[in-house]
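Starting from 1, each residue takes its place in the sequence as its number. In each ligand, atom 1 is the first atom listed, and ligand 1 is the first ligand listed.
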Amino acid sequence: MTKKGLLIVLSGPSGVGKGTIRKKLFKDKSLNLAFSISMTTRNPRKKEQNGIDYFFVTEEEFKSRLEKDDFLEHVYFVGNYYGTSKEYVEKLRNEGKNVFLEIEVEGAKQIMDKCQNENLVSIFLMPPSLTELERRIRGRKSESEEIIQERLQKARREINLKSNYQYVVYNKDLYKATEEIKEIIKNRMNS
Ligand code: 5GP
């Protein structure tokens with residue numbers, strides 16, 4: 001019988017580098033990862049593709065799925081809905097894949113409460129400093145000042161919740177942070 005895959009949750013304030021680290025992790029095939037593509041009502045950013053980065057849907061569609069209880073977790077974050085498909089995650093885990101969720105803290109908390117007996121690996125990625133985080137968020141040049149301020153405020157609140165996670169990794173150096181996360185996953189795969 002195939003061993004059910006891990007449920008890996010990576011959180012951290014927006015701009016901390018979760019996406020970059022995720023892409024590096026996925027290059028290591030020995031980790032046997034599958035990305036949980038979230039559904040969101042947010043508009044795509046430049047270079048983002050539907051069905052790869054997110055499933056971009058209307059608010060109507062999102063709410064209809066919410067009513068059908070399709071989400072393992074969901075959240076309203078800075079003006080938009082985001083959610084993880086229950087069915088998609090279960091299917092991949094049953095195929096033996098280690099499913100990787102890149103989600104914010106409220107959704108992660110819902111999963112920690114619901115999946116206590118599951119093989120859950122929760123990791124919080126910390127920025128080197130808030131100044132550096134602000135520089136990265138501004139560097140995207142895709143959002144208004146108001147949204148940037150909201151994201152920064154949310155970042156401060158998120159950082160306060162890092163102790164809910166099993167592991168806290170500092171992203172001072174991209175290579176080191178990626179290697180640290182690889183080690184965590186490999187250890188948990190073998191335990
Ligand atoms: P962004 O708009 O920058 O892509 O995402 C905003 C935040 O929402 C990020 O912290 C991202 O990790 C998180 N996020 C993305 N998808 C989901 C999801 O399905 N559920 C939850 N709870 N958060 C998500």
(request) Please name all residues satisfying side chain to side chain donor-acceptor pair (under 3.5 Å) with Tyr54, sequence neighbours left out, ordered by chain then number. (result) none

(message) I need the contact residues for ligand 1: any residue with a non-hydrogen atom closer than 4.0 Å to the ligand, ordered by chain then number.
(response) Lys18, Ser38, Arg42, Arg45, Tyr54, Glu73, Val75, Phe77, Tyr82, Gly83, Thr84, Glu102, Ile103, Glu104, Gly107, Arg151

(request) Tell me yes or no: between the side chains of Asn80 and Thr40, is some donor less than 3.5 Å from an acceptor? (result) no

(request) Indicate if Leu10 and Val75 have the same hydrophobic cluster label, given that clusters are the connected sets of ILVMFWY residues with side-chain heavy-atom separations under 4.5 angstrom. (result) no

(request) With sequence neighbours left out, write down each residue that passes salt bridge (Lys or Arg N to Asp or Glu O under 4.0 Å) with Arg65, or none if nothing qualifies. (result) Glu61, Asp70

(request) Using side chain to side chain donor-acceptor pair (under 3.5 Å) as the criterion, list what pairs up with Ser122, not counting sequence neighbours. (result) none

(message) Can you confirm if the aromatic rings of Phe71 and Tyr82 lie within a centre distance of less than 6.0 Å?
(response) no

